[in-house]
Novice: 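Below is a structure I'd like to ask you about.
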Amino acid sequence: MTRIIAGAGKGRRLRTPRGEATRPTGARVRQSLFDILAPRLPGCRFLDAFAGNGGVGLEALSRGAARVVLIDRSRAAVEAIRENVAALAASGGDVQVYHQETRLALAALADKGVRFDVIYVDPPYESDLYEPLLEIADDLLAEDGLVVAEHFHKRALPETIGRLACTRSVRIGDHKLTFYARGPA
């Protein structure tokens, strides 16, 4: 059972779609992530790609994010996300849900000139999407923004990709959070 850990929606249970199509981010990983992101969250614009049940993005909303965008291509995941968003309506903030393939959604948002302060990327661990998504994420990043990639701890991600440079890596069990920011021009 996934629950909101802290903030306005603390303790709220989140619906998760049945089956293996989604892999909700565990409580330990979310706790570590949000301990690190805490100073950035109030009023931020947060993008949760591969949202699953929306747990990461809705945790950001509960902790003060002003705008959250949730993307998933699974119909069951999007239905669960919409239920979870409705359950957290009292938390405030603006939430947008996209039922679309992530690369297409990110490219469309970039074309519109949308920018985010925090971008969370968590594709299936075995996929080859990390590098292409990090390249697209660079186009969506606000000036002092941060991209966070969750991945299997044995998978190496590049130290730099485009204008992004790795600033920090944190291992939590079998998971790893790798943080990217824009390096000097």
Side-chain angles (χ1 to χ4, degrees), residues 1-106 108-110 112 114-124 133 137 140-142 144-151 170 172-173 175 177 179:
M1 176 62 62
T2 305
R3 292 180 188 263
I4 298 295
I5 298 168
K10 182 179 179 179
R12 174 72 64 184
R13 290 181 179 182
L14 299 178
R15 181 177 162 251
T16 300
R18 292 177 189 244
E20 301 295 317
T22 60
R23 174 188 39 82
T25 299
R28 278 184 53 212
V29 175
R30 281 186 294 124
Q31 184 66 52
S32 297
L33 172 68
F34 286 103
D35 285 350
I36 293 166
L37 294 179
R40 293 177 175 268
L41 291 176
C44 85
R45 298 162 293 175
F46 192 99
L47 171 66
D48 182 359
F50 299 92
N53 70 351
V56 171
L58 295 175
E59 185 74 40
L61 182 72
S62 178
R63 294 177 185 234
R67 180 170 185 234
V68 174
V69 172
L70 305 164
I71 302 169
D72 206 289
R73 71 179 186 174
S74 162
R75 180 177 307 281
V78 169
E79 288 172 5
I81 290 168
R82 289 192 171 125
E83 281 185 37
N84 293 333
V85 167
L88 284 168
S91 295
D94 175 39
V95 180
Q96 293 179 311
V97 180
Y98 289 86
H99 179 203
Q100 194 171 16
E101 198 276 323
T102 301
R103 283 185 287 189
L104 296 175
L106 295 181
L109 290 166
K112 291 179 185 175
V114 178
R115 298 291 176 262
F116 295 94
D117 302 300
V118 178
I119 299 173
Y120 186 74
V121 178
D122 180 20
L133 290 172
L140 291 163
L141 204 57
D144 292 324
L146 194 65
V147 179
V148 183
E150 179 186 335
H151 54 101
V170 178
I172 305 112
H175 310 275
L177 298 172
F179 296 78

Novice: State whether the side chain of D117 and the backbone N or O of C44 hold a donor-acceptor pair below 3.5 Å, judged by distance alone.
Specialist: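 No; judged by distance alone, with no hydrogens or angles, the pair does not exist.
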Novice: Quick one: CZ on R67 to CZ on R115, what's the gap to the nearest 0.5 Å?
Specialist: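 So the CZ of R67 and the CZ of R115 are separated by 11.5 Å.
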Novice: To the nearest 0.5 Å, how far apart are CG in L177 and CD1 in I172?
Specialist: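 L177 atom CG to I172 atom CD1 measures 4.0 Å (nearest 0.5 Å).
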Novice: Measuring from atom OG of S74 to atom CG of N53, what distance do you get when rounded to the nearest 0.5 angstrom?
Specialist: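 If I round to the nearest 0.5 Å, the distance is 11.0 Å.
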Novice: Please name the pair of heavy atoms, one in S62 and one in A6, separated by the smallest distance, quoted to 0.1 Å.
Specialist: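 Shortest heavy-atom contact: OG-O, 2.6 Å.
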Novice: Roughly how far apart are T2 OG1 and L14 CG, rounded to 0.5 Å?
Specialist: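 If we round to the nearest 0.5 Å, T2:OG1 and L14:CG are 6.0 Å apart.
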Novice: Provide the closest heavy-atom pair for G57 versus D48 in the form atom of the first, atom of the second, distance.
Specialist: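 For G57 versus D48, the nearest heavy atoms are N-OD2, 3.0 Å.
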Novice: Using 0.5 Å steps for rounding, measure from the CZ atom of R73 to the CD atom of Q100.
Specialist: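 If I round to the nearest 0.5 Å, the distance is 12.0 Å.
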Novice: Closest approach of A80 and P17, non-hydrogen atoms and distance?
Specialist: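 Reported closest heavy-atom pair: CB-CD, 3.8 Å.
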Novice: Which heavy atom of A60 sits nearest a heavy atom of L41, and at what distance?
Specialist: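 Closest approach of A60 to L41: CB-CD2, 4.2 Å.
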Novice: Quick one: are I71 and L106 in side-chain contact, heavy atoms under 4.5 Å?
Specialist: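 Yes; the side chains approach each other to less than 4.5 Å.
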Novice: Would you check if V56 and D122 make a side-chain contact, meaning some heavy-atom pair closer than 4.5 Å?
Specialist: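 In short, these two side chains do not touch, never coming nearer than 4.5 Å.
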Novice: Show the atom names and distances, to 0.1 Å, of all donor-acceptor pairs under 3.5 Å that link a side chain in residues 28-37 to residues at least two apart or in another chain.
Specialist:
unit_1	atom_1	unit_2	atom_2	d
R30	NE	T25	O	3.1
R30	NH1	R3	O	3.0
R30	NH1	E59	OE1	3.2
R30	NH2	R3	O	3.2
Q31	NE2	D35	OD1	2.7
S32	OG	R28	O	3.1

Novice: Side chains of L133 and R103: does their closest heavy-atom pair fall under 4.5 Å?
Specialist: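 Contact flag for L133/R103 side chains = yes.
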Novice: Heavy-atom distance under 4.5 Å between the side chains of L70 and D72, does that happen here?
Specialist: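 Answer no - side chains too far apart.
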Novice: With a 4.5 Å limit on heavy-atom distance, are the side chains of P123 and T102 in contact?
Specialist: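 In short, these two side chains do not touch, never coming nearer than 4.5 Å.
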Novice: Show the numbers, then the answer: is there a side chain to side chain contact (heavy atoms under 4.5 Å, CB included) between I5 and R63?
Specialist: CA-CA 9 Å; I5 298 168; R63 294 177 185 234; 3.7 Å; yes
Novice: Which one of L47, L146, L141, V68 satisfies the side-chain contact (heavy atoms from CB on, under 4.5 Å) criterion with F116?
Specialist: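 The residue from L47, L146, L141, V68 that satisfies side-chain contact (heavy atoms from CB on, under 4.5 Å) with F116 turns out to be L47.
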Novice: Drop me the distance from F50's CZ to E150's CD, to the nearest 0.5 angstrom.
Specialist: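 Reported to 0.5 Å precision, the distance equals 12.0 Å.
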Novice: Looking at residues at least two apart in the chain, or sitting in another chain, which of them share a ring-ring contact (aromatic ring centres under 6.0 Å, His included) with H175?
Specialist: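 Applying ring-ring contact (aromatic ring centres under 6.0 Å, His included) to H175 gives Y125.
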